Amino acid sequence: MSQKTVLLVYSGGLDTSICIPLMKQEYGYEKVVTVTVDVGQSPDDVKMAAEKAKIMGTEHYTVNALDEFVTDFCWQSLQANGEYQGYPMSTSIARPLIAKKAVEMAEKLGVTAFAHGCTGKGNDQYRIEFGIRSLMPQATIHAPVRERNMTRSWEIEYAQKNNVPIQQSLEKIWSIDENLWGRSIEGGRLEEPDFIPPEEIFQWTKSAENALNEGIVIDIQFQNGVPVAINGDKASPSQLVLKMNQLAGDNGVGRIDIMEDRMMGLKVRENYECPAASVYLKAHKALENLVLTRDEIRFKSIIDQEWSRMAYEGLWWDPLKEDLESFITHTQKRVTGNVKLKLYKGNITVLGRKSDWALYSEDLASFDTTTFDQRESTGSVKNFGLQARMYHQLLKQRV
Ligand code: ARG
């Protein structure tokens with residue numbers, strides 16, 4: 001393909017749609033290729049993107065990346081207990097995959113120029129551009145919304161002048177980002193930290209009032225730190241997430257409303273729905289607590305935190321992240337077993353856990369056996385905190 005072709009990472013929304021005429025009129029490209037990566041956003045949005053691309057005459061590709069997203073991104077995040085400021089990361093772990101799929105397509109077509117619709121205020125510009133540059137160092141990347149300091153009203157006017165279909169974008173009050181691991185809703189009055197979110201923003205979860213009255217008990221089978229079956233039924237990775245989103249969402253599980261610190265320091269109010277991720281993360285931790293040693297758990301929480309920070313920033317192909325993952329992957333070899341939980345009106349309660357790798361021995365812990373001879377503890381108890389005892393002795397001598 002000629003040098004005058006640009007590949008636009010395309011969602012179908014207002015920001016990315018106006019990039020299509022802009023790339024020709026202002027950036028001098030002859031041809032625009034649009035790529036929409038399906039990571040589990042609403043199927044209507046994927047279809048709508050393809051339709052709009054057709055209307056605007058781009059060469060359009062829809063890439064289905066559902067199973068790859070779950071296997072290589074959601075599961076990796078689960079093994080790392082991935083969360084940022086108390087919510088399971090979802091937008092951030094999809095961006096590297098979107099960048100990867102865009103680069104794969106560009107390589108196939110012989111294109112080295114990219115465009116994306118990220119604004120200059122958010123995190124996604126870092127994640128997308130880092131992803132593309134890591135996988136194609138010679139890439140040229142355009143970010144028109146940021147580069148031209150665009151406002152929404154300018155974008156609407158430009159769209160109307162250039163026959164960009166935007167009816168849907170105008171009707172949408174909320175800015176929504178979705179993938180299988182979570183759904184984020186922001187914008188409009190939701191940005192006000194004390195505005196009570198209206199029920200209509202939630203699509204995947206019922207309110208506690210409307211959730212099933214009895215709740216449900218589920219059993220999750222894990223192998224090497226990732227789920228393989230729900231209630232004994234094995235399913236593909238993406239099916240396991242879809243099914244759990246449904247089960248947990250029906251029970252009002254997974255709504256999170258937080259103040260979030262973006263990479264640049266902006267504090268923003270965010271609402272999330274992440275039913276499956278919330279359940280799997282809780283179950284995964286419960287199983288880790290059964291099979292890992294106390295020191296592994298303590299040290300892994302540091303590794304997990306560092307991994308989560310890097311994932312939040314989109315540093316997916318950073319060597320340190322790979323180093324952290326060697327540690328994480330090694331620990332997950334024993335995170336195999338089952339966890340039973342109750343989902344009830346927004347709550348997740350662990351009811352039980354079992355594993356062949358359990359570091360629990362009934363014989364040792366029970367109050368009723370003598371295998372663990374209590375008398376042997378005497379010496380270690382006496383010398384426990386030896387240095388603190390010396391310190392207090394010294395203090396006493398001084399008065
Ligand atoms: N603040 C979150 C993040 O940086 C989510 C942003 C999602 N975007 C949206 N338009 N809802 O990962």
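Note that the structure is a prediction, hence the values are computed from the model and not measured. Ligands are counted one by one from 1 in listed order, and the atoms in each one are counted from 1 as well.
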Centroid separation under 6.0 Å, is that true for the rings of W307 and W316? yes
Cut-off 3.5 Å, side chains only: do W174 and E186 have a donor facing an acceptor? no
Hey, does M23 have a side-chain heavy atom less than 4.5 Å from the side chain of H142? yes
Residue pair Q25 / N162, side-chain donor-acceptor N/O under 3.5 Å: yes
For residues 79-91, run the donor-acceptor check on the side chains, cut-off 3.5 Å, and write out each pair with its distance to 0.1 Å, sequence neighbours left out.
unit_1: Q79; atom_1: NE2; unit_2: N224; atom_2: O; d: 2.7
unit_1: N81; atom_1: OD1; unit_2: H284; atom_2: ND1; d: 2.8
unit_1: N81; atom_1: ND2; unit_2: E288; atom_2: OE1; d: 3.0
unit_1: N81; atom_1: ND2; unit_2: D304; atom_2: OD2; d: 2.9
unit_1: Y84; atom_1: OH; unit_2: D261; atom_2: O; d: 2.6
unit_1: Q85; atom_1: OE1; unit_2: D261; atom_2: N; d: 2.8
unit_1: Q85; atom_1: NE2; unit_2: D261; atom_2: OD2; d: 2.9
unit_1: Y87; atom_1: OH; unit_2: E260; atom_2: OE1; d: 3.3
unit_1: Y87; atom_1: OH; unit_2: E260; atom_2: OE2; d: 3.2
unit_1: Y87; atom_1: OH; unit_2: Y272; atom_2: OH; d: 3.2
unit_1: T91; atom_1: OG1; unit_2: D177; atom_2: OD2; d: 2.7

Considering residues, nucleotides and ligands other than Q305, do more than 12 of their heavy atoms fall under 6.0 Å from its CD? no
Residues in contact with ligand 1, criterion: heavy atom under 4.0 Å: Y87, T91, S92, N123, R127, S175, I176, D177, S184, E186, E260, E270, Y272, Y312
